[in-house]
Colleague: 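After the structure tokens below, expect a handful of questions from me.
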Number of protein chains: 2
Amino acid sequence: MRKFTSTNAFNEKLINDSCGMGRALNIVGGRWKPAILYKLHNGTMRYGELRKSIEGISERMLVAQLRELEQDQVIERIVYPEVPPRVEYRMTELGKTMGPMLEAMSEWGDIHRANVADKYGNPGDGEK
Amino acid sequence: MRKFTSTNAFNEKLINDSCGMGRALNIVGGRWKPAILYKLHNGTMRYGELRKSIEGISERMLVAQLRELEQDQVIERIVYPEVPPRVEYRMTELGKTMGPMLEAMSEWGDIHRANVADKYGNPGDGEK
DNA sequence: TTAAGTACTAACAAAAAAGTAAGAAATGAG
DNA sequence: CTCATTTCTTACTTTTTTGTTAGTACTTAA
């Protein structure tokens with residue numbers, strides 16, 4: 001849980017309030033959210049499908065990030081009262097409005113990769 | 001300094017490598033980068049101007065984030081051999097290609113703010 | 001000699017994000 | 001009664017990010 005009185009939290013709020021970019025980043029940022037959003041961008045998925053298709057994610061992180069995205073109203077959680085349980089996740093209408101932004105980010109990431117070696121030592125793809 | 005052997009760092013790299021969005025987020029994400037990029041988007045600025053115009057940022061964070069942006073080759077640092085020192089920062093050509101992405105993020109952040117109350121208690125601007 | 005201005009740097013502390021491991025509920029199959 | 005299945009929880013640790021405070025270097029001006 002966060003303390004809303006720390007300087008850190010205060011600054012986060014300040015930026016969230018004053019800057020659209022800051023707010024967008026608060027929602028799509030984080031280690032796993034890009035992957036989750038990318039998957040759900042292509043359609044509804046069950047919890048287990050997400051877990052299997054996102055390499056390296058732990059259950060705790062998957063649940064946590066799904067919950068945050070749900071709170072931010074960009075995805076929704078649909079529970080089927082079956083046993084064993086079935087839970088599906090999908091984009092909300094508001095979530096779907098992220099499309100252009102997600103594509104712009106994805107494209108620019110690729111542009112950057114094509115031009116710049118990253119800090120892990122992967123070379124850029126070269127200029128020509 | 002980071003350990004490149006932690007699971008955390010490994011996962012970061014994995015996402016950076018496989019996903020344009022993840023890579024873009026690594027570059028523009030962080031508490032202060034949106035603000036810095038927004039300022040430099042409008043033109044060259046000196047270190048001190050940036051510091052004064054970005055409310056709440058500490059010198060340490062400003063320098064750190066400028067250094068990262070410089071390493072990622074989206075901004076450049078120009079030192080004038082004067083006394084007292086003068087250092088200017090501005091977008092590189094590659095940095096300027098971020099334009100559409102930054103605008104998409106900014107716009108979507110505003111859309112989200114207009115529709116959703118945030119976790120700090122600010123209401124959405126309402127639907128009608 | 002001392003202060004002022006500018007752009008930092010270093011050492012440390014606090015807060016937040018991410019990872020690990022184990023378990024829990026609900027129920028049908030055997 | 002025990003096991004398997006699925007979707008999570010909980011408690012705890014590690015790693016990373018952010019913030020705080022106090023300097024430093026260099027020259028000019030008083």
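Below, chains carry the letters A, B, ... as their sequence lines are ordered, and counting in each starts from 1.
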Colleague: How long is the gap from CD1 on A/Ile15 to CD1 on B/Ile54, to the nearest 0.5 Å?
Modeller: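 Between A/Ile15 CD1 and B/Ile54 CD1, I get 8.5 Å after rounding to 0.5 Å.
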Colleague: If the cut-off is 4.0 Å, is A/Arg46 near the phosphate of D/dT7, judged by side-chain N/O to OP1 or OP2?
Modeller: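 True: A/Arg46 side-chain N/O within range (under 4.0 Å) of D/dT7 OP1/OP2.
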Colleague: B/Ser58 side chain: which of D/dT20, D/dC8, D/dT16 is closest?
Modeller: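 Nearest to the side chain of B/Ser58 among the choices is D/dT20.
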Colleague: Ignoring backbone atoms, establish whether A/Asn11 has a side-chain N or O less than 4.0 Å from OP1 or OP2 of D/dT18.
Modeller: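 No, A/Asn11 has no side-chain N/O under 4.0 Å of OP1/OP2 on D/dT18.
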Colleague: OP1 or OP2 of C/dA16 less than 4.0 angstrom from a side-chain nitrogen or oxygen of A/Ser6, does that happen here?
Modeller: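 True: A/Ser6 side-chain N/O within range (under 4.0 Å) of C/dA16 OP1/OP2.
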Colleague: Output one letter per nucleotide in nucleotides 23-30 of chain D: B when a protein non-hydrogen atom lies under 4.0 Å from the base, S when only the sugar-phosphate is that close, - when neither is.
Modeller: ----B---
Colleague: Rounded to the nearest angstrom, tell me the gap between atom CG in A/Leu25 and atom C1' in D/dT17.
Modeller: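 Computing the A/Leu25:CG to D/dT17:C1' distance gives 14 Å.
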Colleague: Do A/Glu76 and A/Tyr89 have side-chain atoms, one donor and one acceptor, less than 3.5 Å apart?
Modeller: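 Not at all, the side chains of A/Glu76 and A/Tyr89 share no donor-acceptor pair under 3.5 Å.
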Colleague: Can you measure A/Glu12 atom CD to D/dG19 atom C1' for me and round it to whole angstrom units?
Modeller: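 Computing the A/Glu12:CD to D/dG19:C1' distance gives 14 Å.
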Colleague: Which heavy atom of A/Asp17 sits nearest to which heavy atom of B/Arg113, and what is that distance?
Modeller: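 Closest heavy-atom pair between A/Asp17 and B/Arg113: O-NH1, 3.0 Å.
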Colleague: Determine the minimum heavy-atom distance between A/Ile27 and A/Val74, stating which atoms define it.
Modeller: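 Closest approach of A/Ile27 to A/Val74: CG2-CG1, 4.3 Å.
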Colleague: Would you indicate whether B/Glu55, at its atom CD, is surrounded by more than 12 heavy atoms from other residues, nucleotides or ligands within a distance under 6.0 Å?
Modeller: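 Counting other residues, nucleotides and ligands, CD of B/Glu55 stays at 12 neighbours or fewer.
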Colleague: At less than 3.5 Å, do the side-chain atoms of B/Arg60 and the base atoms of D/dT20 form a donor-acceptor pair?
Modeller: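 Yes.
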Colleague: Can you measure A/Glu82 atom CD to D/dT7 atom C1' for me and round it to whole angstrom units?
Modeller: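 Rounded to whole Å, this separation is 13 Å.
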Colleague: Would you mind reading off the distance between B/Tyr89 atom OH and C/dA7 atom C1', rounded to a whole angstrom?
Modeller: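 Atom OH in B/Tyr89 sits about 8 Å away from atom C1' in C/dA7.
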Colleague: Can you tell me the distance, in whole Å, between the CE atom of B/Met61 and the P atom of C/dA10?
Modeller: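 Distance check: B/Met61 CE to C/dA10 P gives 16 Å.
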Colleague: Hey, does the side chain of B/Thr7 come within less than 4.0 Å of C/dA18's phosphate (OP1/OP2), counting only N and O?
Modeller: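 Answer is no, no contact under 4.0 Å.
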Colleague: B/Arg77 side chain N/O closer than 4.0 Å to the phosphate oxygens (OP1, OP2) of C/dC8?
Modeller: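 B/Arg77 to C/dC8 OP1/OP2: side-chain N or O found under 4.0 Å.
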Colleague: Can you measure A/Glu55 atom CD to C/dG19 atom P for me and round it to whole angstrom units?
Modeller: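 For the pair A/Glu55 CD and C/dG19 P, the rounded distance is 13 Å.
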Colleague: Could you walk me through whether B/Lys33 and B/Leu69 pass side chain to side chain contact (heavy atoms under 4.5 Å, CB included), step by step?
Modeller: CA-CA 8 Å; B/Lys33 282 180 187 170; B/Leu69 291 169; 3.8 Å; yes
Colleague: Show me, pair by pair, the donor-acceptor contacts under 3.5 angstrom made by side chains of residues 97-109 of chain B, not counting sequence neighbours?
Modeller:
{"unit_1": "B/Thr97", "atom_1": "OG1", "unit_2": "A/Trp108", "atom_2": "NE1", "d": "2.9"}
{"unit_1": "B/Thr97", "atom_1": "OG1", "unit_2": "B/Leu94", "atom_2": "O", "d": "2.5"}
{"unit_1": "B/Trp108", "atom_1": "NE1", "unit_2": "A/Thr97", "atom_2": "OG1", "d": "2.9"}

Colleague: So, is B/Trp32 close to the D/dG19 phosphate, meaning a side-chain N or O under 4.0 Å from OP1 or OP2?
Modeller: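 The answer is yes; a side-chain N or O of B/Trp32 sits under 4.0 Å from OP1 or OP2.
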Colleague: Check this for me: does the side-chain of A/Arg86 come within 3.5 Å of the base of D/dT6 through a donor and an acceptor?
Modeller: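 No such pair is found, so the answer is no.
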Colleague: How many Å lie between CD1 on B/Ile57 and P on D/dT20, as a whole number?
Modeller: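 It is 12 Å, rounded to the nearest whole Å.
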Colleague: Ignoring backbone atoms, establish whether B/Gln65 has a side-chain N or O less than 4.0 Å from OP1 or OP2 of D/dT17.
Modeller: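 No, B/Gln65 has no side-chain N/O under 4.0 Å of OP1/OP2 on D/dT17.
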Colleague: Expressed as a whole number of angstroms, how long is the span from A/Leu66:CG to D/dT7:P?
Modeller: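 From A/Leu66 CG to D/dT7 P: 11 Å.
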Colleague: Honestly curious: do B/Tyr38 and B/Leu66 fall in one hydrophobic cluster under the side-chain, below-4.5 Å linking rule?
Modeller: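 No, B/Tyr38 and B/Leu66 fall in different hydrophobic clusters.
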